[in-house]
Amino acid sequence: QVQLVESGGELVQAGGSLRLSCVDSGRTFGSYAMGWFRQAPGKERELVSAISRSGTSTYYTDSVKGRFAISRNSAKSTVYLQMNSLKPEDTAVYYCAAARFGYSYSDPNSYAYWGQGTQVTVSS
């Protein structure tokens, strides 16, 4: 029943900002912790940020701390990733994902449901 659709990725200059959105059209959003992953060409998929089911706890990988912010709006079944001060090394396909109920939101292996990804390209 989980159906995740990402949007918001585009070409942006270094130092700019983007906000990614992920909607669970299956209306099961409140039962899952949510995460944002990214994968650049030739690199492994990386958990960038995650948020607990309640929205009270968050995780960020070191490279984005202080620049990115994750949030969720359960009423809209949407999770957001606000990305500020973007750098060329942030260029990647970004995926949202939903964790299995009861699994740790900060563990990449917890995620079972995936969107198709949205491309973020940061030019220098």
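These values consider heavy atoms only, across backbone and side chains, with no hydrogens, waters or symmetry-generated copies.
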For this session: Taking the side chain as every heavy atom from C-beta outward, state whether Trp36 and Ile70 have any pair of such atoms under 4.5 Å apart.
Result: yes
Exercise. So, do Leu81 and Ser49 sit near enough that their side-chain heavy atoms are less than 4.5 Å apart?
Worked result: yes
Problem set entry | Gap separating the OH atom of Tyr32 from the OG atom of Ser110, nearest 0.5 angstrom | 13.5 Å
Problem set entry | Which residues share a salt bridge (Lys or Arg N to Asp or Glu O under 4.0 Å) with Glu46, sequence neighbours left out | Arg38
For this session: Taking the side chain as every heavy atom from C-beta outward, state whether Tyr94 and Met83 have any pair of such atoms under 4.5 Å apart.
Result: yes
Exercise. If you round to the nearest 0.5 Å, how far is OG of Ser77 from CE of Met34?
Worked result: 9.5 Å
Exercise. Which other residues belong to the hydrophobic cluster containing Leu47, where Ile, Leu, Val, Met, Phe, Trp and Tyr are joined when side-chain heavy atoms lie under 4.5 Å apart, directly or via other members?
Worked result: Phe37, Tyr59, Val93, Tyr95, Tyr105, Tyr111, Trp114
Exercise. What is the minimum heavy-atom distance between Tyr80 and Asn73, and which atoms define it?
Worked result: CE1-CB, 4.1 Å
For this session: For Asp24 and Gln3, indicate whether the former's side chain and the latter's backbone hold a donor-acceptor pair under 3.5 Å.
Result: yes
Problem set entry | Worked check of side-chain contact (heavy atoms from CB on, under 4.5 Å) between Asn84 and Phe68 | CA-CA 6 Å; Asn84 299 321; Phe68 290 11; over 6 Å; no
Problem set entry | Main-chain N/O of Gly55 paired with Arg72 side-chain donor or acceptor, under 3.5 Å | no
Exercise. Between the side chains of Thr61 and Ser63, does any donor sit under 3.5 Å from an acceptor?
Worked result: no
Exercise. For Ser106 and Pro108, which heavy atoms make the closest approach, and how far apart are they?
Worked result: O-CD, 3.5 Å
Seminar exercise, completed: Closest non-hydrogen contact found for Ala92 with Ala40 is CB-N, 3.8 Å
Exercise. How many angstroms lie between CD1 in Ile51 and OH in Tyr60, if you round to the nearest 0.5 Å?
Worked result: 7.0 Å
Exercise. Does the side chain of Gln82 reach to within under 4.5 Å of the side chain of Ser17, using non-hydrogen atoms?
Worked result: yes
For this session: State, yes or no, whether a side-chain contact exists between Leu18 and Leu86 at a heavy-atom distance under 4.5 Å.
Result: yes
For this session: Only counting residues at least two apart or in another chain, list the ones meeting salt bridge (Lys or Arg N to Asp or Glu O under 4.0 Å) with Lys43.
Result: none
Problem set entry | Value rounded to 0.5 Å, distance of SG in Cys22 from CD in Glu6 | 5.0 Å
For this session: First locate atom OG of Ser21, then atom NZ of Lys76, and finally report the distance between them rounded to the nearest 0.5 Å.
Result: 9.5 Å
Seminar exercise, completed: Heavy-atom nearest pair, Thr118 first then Gly9, reads OG1-N, 3.1 Å
Exercise. Given Asp90 and Lys87, is the salt bridge (Lys or Arg N to Asp or Glu O under 4.0 Å) satisfied, shown in steps?
Worked result: CA-CA 5 Å; Asp90 295 318; Lys87 303 175 181 179; over 6 Å; no
For this session: Could you tell me the separation between the CD atom of Glu10 and the OG1 atom of Thr121, rounded to the nearest 0.5 Å?
Result: 10.0 Å
